[in-house]
Colleague: 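Sharing a structure here in structure tokens format.
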Amino acid sequence: MKRIKNFAKGDQIQKRLEEMVPGGSHTYSKGESQFPEHAPKIISHAKGAYCWDMDGNKFLDWGMGIRISVLGHSYPVVDEAVKKQIDLGTNFTRPSILEFELAQYLTNLWPCAEMVKFGKNGSDVTTAAIKLSRAFTGRKYVAVCKDHPFFSVGDWFIGTTPCNSGIPEEISSLTLSFGYNDITSLETLFAKYPKQIAAIILEPVKNDKPKPGYLQQLRNITSREGTILIFDEIVSGLRFDIRGAHHLYKVMPDLATFGKAIANGYSCSVLAGKKEIMELGGLHHSKPKVFLLSQTHSSETIGLAATLATLKECERVNISQYINQIGKKLVSGVRELAQAEKVQDFVRVIGFDCNPQILCTKKDGTFWPELHTSFHEEVIANGVLIPWTSITYSHTENELEITFEALRMGMKKVQKALETSTVEKSFFGKAIKPVFRKYNNL
Ligand SMILES: Cc1ncc(COP(=O)(O)O)c(C=O)c1O
């Protein structure tokens, strides 16, 4: 395959975009400092497992936006439902029939959903879950799992990161943290803040397997403490199980949040949970009313139609099983390649088969930004965009073959750089940096 070298038009547009839009993108994870400099900068279109940049380069896309798809870009069944809905109108003066249909479908499909409420982004529903928990318990503290990278753009979460400029300490100090698979850290919190913690929030599974009984212990402790257990299924939902990863482990949260891929690229998120908590946002009780997700676009029908079509298609094709099967081959293939190219201590795969992550590290396992940048520069030059791994129904054996070839080239390159101690000089421009940093130049 011809190496991709020309990013000139994208570079030019990106520079101009940065003059008009702070950060030059609408998600920091898509922006400058997250990719090598020799990478596609501006995308013109995408279809199935592929996308094209403004220079006309074609890439096999494993990023799928920020994991917004489980079926593939521009998936026909979903897009047909959307096109049909456009002709019927996109937002009405009273609730649309789709709000009824989707609510009925979800409360039947998801055992955790006695009631549901819709939003547009994941942050809408995680932030709503936090507010609802505070209202229900009358407590002000919440605790987040510190091993999970992101829960919301809301101040209650961003205030806990190094990028907390603009957020008063009074707000940040109300969010505590605990470690995944670390019951002691949670028990210590409850001992320090007895009957003061409204909710704990975590992804039921991220990269590490839960220790046997861990999730059930969380359930037992939060029930004992009168604390709301929130499982964030925004990434894990659908990939692990259409009912959420927690369903596999048979541990029921009080509230659960879904988003990203549930609408296969359109905008919809869902807060689901127990009726006695959710109905505080309702109009038929005598307690103080919670202002729960009342947004102009929450009832926009396109996202709702897309969600219904996506989930029905996911049920039809048994999406979790498919993703797991492709992921298993991807993970074992990458490990075999790394072994063959003698970089197994430097190019690793972490996480579950259905949600793996390729990481370039030092020998001791710590992340190595320069090696990561060098590796991805070469993988991108060979036509594969895999900043994170969002497997979809459009990724098949053929895409695995293309990916292995590009990864092999990336591994050969870093092997040479490691051998000659030239990692820092082996790529163009600057190394990638963390999204959550206090100063841009760090
Ligand atoms: C686990 C998790 N929760 C919540 C969010 C926030 O979702 P959104 O970006 O749609 O607001 C994200 C986004 O990356 C996420 O990964």
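Given the structure is predicted, the values throughout are model-derived calculations rather than measurements. Counting starts at 1 for both ligands and their atoms, in listed order. Throughout, numbering of the chain's residues begins at 1 and tracks the sequence.
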Colleague: To the nearest 0.1 Å, how far is atom 4 (C) of ligand 1 from its closest protein heavy atom, and which atom is that?
Modeller: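 Checking every protein heavy atom, the shortest distance to atom 4 (C) of ligand 1 gives Phe151 O, 3.2 Å.
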Colleague: Could you establish whether Val153 and ligand 1 come within less than 4.0 Å of each other, counting only heavy atoms on the residue side?
Modeller: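 No, that is not the case, since the closest heavy atom of the residue is not under 4.0 Å from the ligand.
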Colleague: I need the contact type for His148 against ligand 1. Using non-hydrogen atoms and a strict under-4.0 Å cut-off, is it side chain, backbone, both or neither?
Modeller: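 It is neither part, as no heavy atom is under 4.0 Å.
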Colleague: What protein heavy atom sits nearest atom 14 (O) of ligand 1, and how far off is it?
Modeller: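 Residue, atom and distance for the closest contact: Lys260 NZ, 2.9 Å.
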Colleague: For Tyr393 and Asn318, which I'm curious about, is there any donor-acceptor pair between the side chains at under 3.5 Å?
Modeller: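 The criterion, which ignores hydrogens and geometry beyond distance, is not satisfied for Asn318 and Tyr393.
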Colleague: Walk me through it: do Glu313 and Thr310 pass the test side chain to side chain donor-acceptor pair (under 3.5 Å)?
Modeller: CA-CA 5 Å; Glu313 182 68 355; Thr310 300; over 6 Å; no
Colleague: Checking side chain to side chain donor-acceptor pair (under 3.5 Å) for the pair His73/Asp61: CA distance, chi angles, key distance, verdict?
Modeller: CA-CA 9 Å; His73 289 295; Asp61 184 14; 2.8 Å; yes
Colleague: Residue-level breakdown please: for Glu203 versus ligand 1, do any non-hydrogen atoms fall below 4.0 Å on the side chain, on the backbone, on both, or on neither?
Modeller: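 Only the side chain of Glu203 comes within reach of ligand 1.
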Colleague: Would you please say whether a donor-acceptor pair under 3.5 Å links the side chains of Glu315 and Tyr105?
Modeller: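 The answer is yes; a qualifying pair exists.
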Colleague: What protein heavy atom is closest to atom 11 (O) of ligand 1, reported as residue, atom name and distance in Å?
Modeller: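 Here the closest protein heavy atom is Ser123 OG, 2.5 Å.
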Colleague: Considering only heavy atoms of Val235, which atoms of ligand 1 have at least one such atom less than 4.0 Å away?
Modeller: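 Under 4.0 Å from Val235, ligand 1 has these atoms: 16 (O).
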Colleague: Based purely on interatomic distance, does Asp124 place a nitrogen or oxygen under 3.5 Å from a nitrogen or oxygen of ligand 1?
Modeller: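 No; every N/O pair is 3.5 Å or more apart.
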Colleague: To which protein heavy atom is atom 10 (O) of ligand 1 closest, and what is the distance rounded to 0.1 Å?
Modeller: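 Of every protein heavy atom, Gly122 N, 2.8 Å lies nearest to atom 10 (O) of ligand 1.
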Colleague: Are Tyr249 and Gln216 close enough that a side-chain donor and a side-chain acceptor fall under 3.5 Å?
Modeller: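 No, no side-chain donor-acceptor contact under 3.5 Å.
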Colleague: Which atoms from ligand 1 have a heavy atom of Phe150 less than 4.0 Å away?
Modeller: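 It comes down to these atoms of ligand 1: 1 (C), 2 (C), 3 (N), 4 (C), 5 (C), 6 (C), 12 (C), 13 (C), 14 (O), 15 (C).
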Colleague: Who's the nearest protein heavy-atom neighbour of atom 3 (N) of ligand 1, and how far?
Modeller: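 Going atom by atom, the protein heavy atom closest to atom 3 (N) of ligand 1 ends up being Asp232 OD2, 2.6 Å.
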Colleague: Assess whether side chain to side chain donor-acceptor pair (under 3.5 Å) is satisfied between Gln321 and Gln325, documenting all intermediate values.
Modeller: CA-CA 6 Å; Gln321 195 184 65; Gln325 181 192 315; over 6 Å; no
Colleague: Kindly say whether the aromatic ring centers of Phe157 and Phe150 come within a distance under 6.0 Å.
Modeller: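 Yes: the rings meet the under 6.0 Å criterion.
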Colleague: Can you see whether Ser320 engages Asp241 through a side-chain donor-acceptor pair at a distance of less than 3.5 angstrom?
Modeller: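 Checked: Ser320/Asp241 side chains show no N/O donor-acceptor pair below 3.5 Å.
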